[in-house]
Amino acid sequence: MKARNKFLLGGVLVLGTAGYLMATSIDETATYYLTPSELAGKVAANPRFVQNGVKVGARVVSGTIVRDPGGRELTFRMTDGAHTYDVHYRGVAPDTFTDGVDVVVEGRLDASGTFQATTLLAKCASRYENAPEKYQQTPGYQQGTAATPSA
Amino acid sequence: MILVGELSLWVALLMAAWTTTVSFSGGLQGRADLVKSGERAMYATFGFTLLASIGLWTALFTHDFSIKFVASYTSANLPKVYTFTAFWAGQAGSLLFWALVLTGYSAVAVFTNRRSNRAMMPYVTGTLGVVSLFFLMTMAFGANPFERLDWVPPDGRGMNPQLQNPGMAAHPPMLYLGYIATAIPFAFAIGALVTRQLDAQWLGAVRRWALVSWFFLTIGIVMGMWWAYVELGWSGYWAWDAVENSSFLPWLTVTAFLHSIMIQEKRGMLRKWNVTLVVLSFLLTILGTFITRSGIIESVHAFAQSPVGNWFFGFLVVATALTAWLVSTRLNDLQAKAELESMVSREAAFLYNNLVLVGICFATLWGTIFPILSEWVKGDKITVGPPFFNAVNGPLGLLLLALTGIGPLIAWRRASVTNLKRQFTWPVAFGVTVFVALLALGMRDPYALISYLLAGFVFGTIIQEFVKGIGARQRMYGEGLVPASLRLIARNRRRYGGYIVHFGVVVLFCAFAGLMFKKDLTATIKTGESIKATDAYGHEWEFVSQGISAYDQLNRQVVAVAFDVTRDGKRMGILSSEKRQHVNSLGEPTFEPSTEVGILESPKQDVYLVFTGAVDKDTAAVHIHFNPLVWWVWFGGLIMAFGGLIVMWPQAQRAERESGYVAEIPMERDRLATAGTGVGAGA
């Protein structure tokens with residue numbers, strides 16, 4: 001066999017392995033990324049859907065965050081405007097987690113309709129990029145009180 | 001000055017348009033006067049972009065809060081150094097910074113090539129003009145840093161506290177310097193494709209710029225890892241986040257190119273492949289910028305969700321289509337001049353190295369854009385997390401590590417059994433020794449064991465190469481050990497600089513494998529109480545709480561917890577972690593509170609303390625991590641950058657002739673010497 005063909009065979013082997021790893025790992029690690037409404041839709045279509053692990057991107061309803069004294073467990077409500085879910089999270093919340101921020105929670109919906117989150121990522125629109133139009137409209141700012149971003 | 005800067009932006013835009021127009025038409029009509037004019041306009045584009053940048057810096061330092069950008073990212077009480085770095089802290093400013101570096105690079109590339117590569121230069125200049133024009137237009141019409149607010153706030157919003165960190169001040173410009181340098185090889189590739197001058201001569205300039213890109217990308221990525229580790233409080237440095245991946249993708253293709261170009265220089269092979277890698281690297285930087293700035297993929301980086309994303313998408317599509325057309329119409333000009341002769345040869349090892357690098361690139365790209373793809377195909381957004389990337393890139397990374405050892409040892413064209421025996425005996429023995437020793441010490445994790453086996457092997461190859469080279473010099477010139485080592489490196493910068501880079505890679509892999517043995521614990525603790533823990537090395541640690549303190553500092557209010565730390569009864573010092581609430585000059589809180597972690601750093605392991613909250617005034621909730629070998633990640637990155645610097649350092653032609661200890665093919669050597677590319681550097 002010519003060296004070129006041998007190389008091609010080896011190449012196919014390398015890429016085939018990579019492809020195989022990709023295909024199998026995708027199945028094992030893929031998670032749905034849904035909005036609360038989409039999650040509600042999935043549950044309506046298949047009540048057993050509560051068993052699956054999913055990621056949900058939503059906004060924290062202001063004033064609903066309840067932390068335990070140790071700071072390692074908390075509950076809050078998340079919404080996309082149309083649907084709202086209670087979330088229970090066990091773990092350390094990131095600094096950016098406050099009222100009204102966008103969050104991504106990963107976990108599963110339990111039978112009682114509470115989302116049991118195992119990971120919690122807070123995404124704040126103000127993190128690296130502010131939205132000055134919005135912050136300009138924040139009445140509190142101009143009056144010289146709090147400069148909390150409305151995000 | 002601010003007004004001058006604002007106007008300069010528009011003049012720079014016109015200049016870039018002029019560069020593009022006259023360079024291309026000058027090239028097509030063969031008119032030297034137009035070409036000359038295009039080159040001068042490129043310098044002018046840089047000049048006016050620089051003026052615009054000075055204008056923005058002036059606005060930042062004079063605290064002109066009528067400018068939206070200044071009001072959004074700075075406040076009157078922001079430390080000076082961060083007022084300076086605020087330039088690239090947001091979308092509009094970072095685009096201006098990008099344009100500044102791009103036009104600066106372009107001006108240097110045009111200037112240094114003003115007498116060489118005459119036929120292709122008009123197209124090189126023209127291409128750089130187009131790219132500059134694109135960035136200037138995106139900025140001027142999409143995100144103008146000089147945009148005014150219709151009211152003047154009393155103070156700006158200040159900078160996000162997480163950006164107020166030396167790592168964050170330096171990480172973005174380093175990454176940009178690396179990202180943007182891919183535009184120059186891209187422009188040369190377009191020039192070479194248009195003029196069909198696809199021999200080796202255009203690669204000289206390309207290789208230098210690819211190295212610049214690699215160097216800064218490496219520093220930028222490692223700095224980003226360091227920043228994430230010390231600032232974000234999650235005790236990790238790489239999360240396979242979409243934005244992190246965006247910086248990793250071009251690094252992979254540039255690394256592949258820097259290897260495969262050697263095969264083209266020595267053997268005239270892989271010409272299509274090299275052009276493809278050059279073009280791909282640039283397109284991946286645009287794709288990465290698109291991903292970062294459009295917000296199309298969920299990322300914790302949460303950069304602006306802005307219309308700028310559409311501009312990048314449009315540019316990406318047009319640039320991809322045009323270059324694909326150019327390459328496909330020139331395949332005949334890109335025929336290889338030699339064939340692969342044997343599977344057991346350096347060419348074959350390098351080909352596999354390229355396959356693996358591109359494989360990792362593809363897998364990473366696939367995982368990154370999978371949510372978009374799945375949404376198109378199935379209507380559901382499906383994401384893949386770190387387990388996917390680790391499962392695919394882990395094995396591929398180890399394969400790459402093995403090739404790092406094999407490539408430099410194996411002979412060109414066709415390795416003989418003698419060659420293999422002579423070169424591989426010691427390194428393999430060294431790797432196996434490391435493996436057996438670790439097994440005997442009780443290490444059982446298969447991933448870690450294989451990592452250390454391969455790391456030992458590659459380390460053995462590097463040592464062997466240095467020993468042989470230094471020995472040869474000592475025999476030939478009768479030099480002492482130190483002068484022989486220094487001259488060996490100085491006279492063969494590409495080869496031995498490359499080995500130093502490989503050594504850095506080995507160190508990195510050892511450090512990555514160390515994380516297999518990390519441990520962590522959480523605790524709620526009162527003042528005076530203690531926490532006990534055992535790390536992976538079997539050391540007993542004790543943390544005695546010194547209590548919580550609250551105080552005001554510079555531009556923030558701080559709540560801190562401190563621990564007195566002992567290891568096996570020996571006092572290691574005080575470790576503390578802070579919760580900070582930043583305030584503006586009016587004393588109002590800005591941004592969310594942030595955490596400052598405490599790290600007790602050592603080569604063996606980091607003890608990483610996160611203050612997760614005060615339960616009451618003397619009870620603190622904390623998270624303590626033991627992270628083995630993290631120190632070596634930063635050290636390995638430093639070694640890689642240092643090796644890169646040695647490779648980049650210009651070498652006089654004379655010195656190359658006496659390089660001596662290099663295996664190469666005489667015929668090829670002569671051809672290359674006349675072409676003016678670096679000869680005498682093997683690896």
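Proteins come first, then strands; the chains are lettered A, B, ... in the order of their sequence lines, and each starts at number 1. Note that this is a predicted model, so its numbers are computed, not measured.
The minimum heavy-atom distance between A:Met22 and B:Phe388, with the atom names listed, is O-CE1, 3.6 Å. Listed here is the closest heavy atom pair of A:Ala18 and B:Val392: O-CG1, 4.3 Å.
By the side chain to side chain donor-acceptor pair (under 3.5 Å) test, A:His83 pairs with A:Ser37, sequence neighbours left out. Qualifying ring pair (Phe, Tyr, Trp, His ring centres under 6.0 Å) partners for A:Tyr89, counting only residues two or more places apart in sequence or in other chains: none.
For the pair B:Ile382 and A:Tyr33, the minimum side-chain heavy-atom distance is 4.5 Å or more. Using a 4.5 Å cut-off on side-chain heavy atoms (C-beta onward), B:Lys381 and A:Tyr32 make no contact. With contacts defined as side-chain heavy-atom distances shorter than 4.5 Å, the pair B:Trp366/A:Ile26 qualifies. Contact annotation: the side chain of B:Asp380 approaches that of A:Lys42 to within less than 4.5 Å [non-hydrogen atoms, C-beta and beyond]. A:Ser25 is not listed as a side-chain neighbour of B:Val384, based on a closest heavy-atom distance of 4.5 Å or more.
With a 4.5 Å cut-off on non-hydrogen atoms, B:Phe389 does not touch chain A at all. Contacts of B:Ala620 with chain A are absent, with no heavy-atom separation under 4.5 Å from either backbone or side chain. At a 4.5 Å heavy-atom cutoff, the contact between B:Leu396 and chain A is made by side-chain atoms alone. In this structure, chain A has no heavy atom under 4.5 Å from any part of B:Pro371.
Considering CG of A:Leu34 and OG1 of B:Thr383, their distance stands at 9.5 Å, rounded to 0.5 Å.
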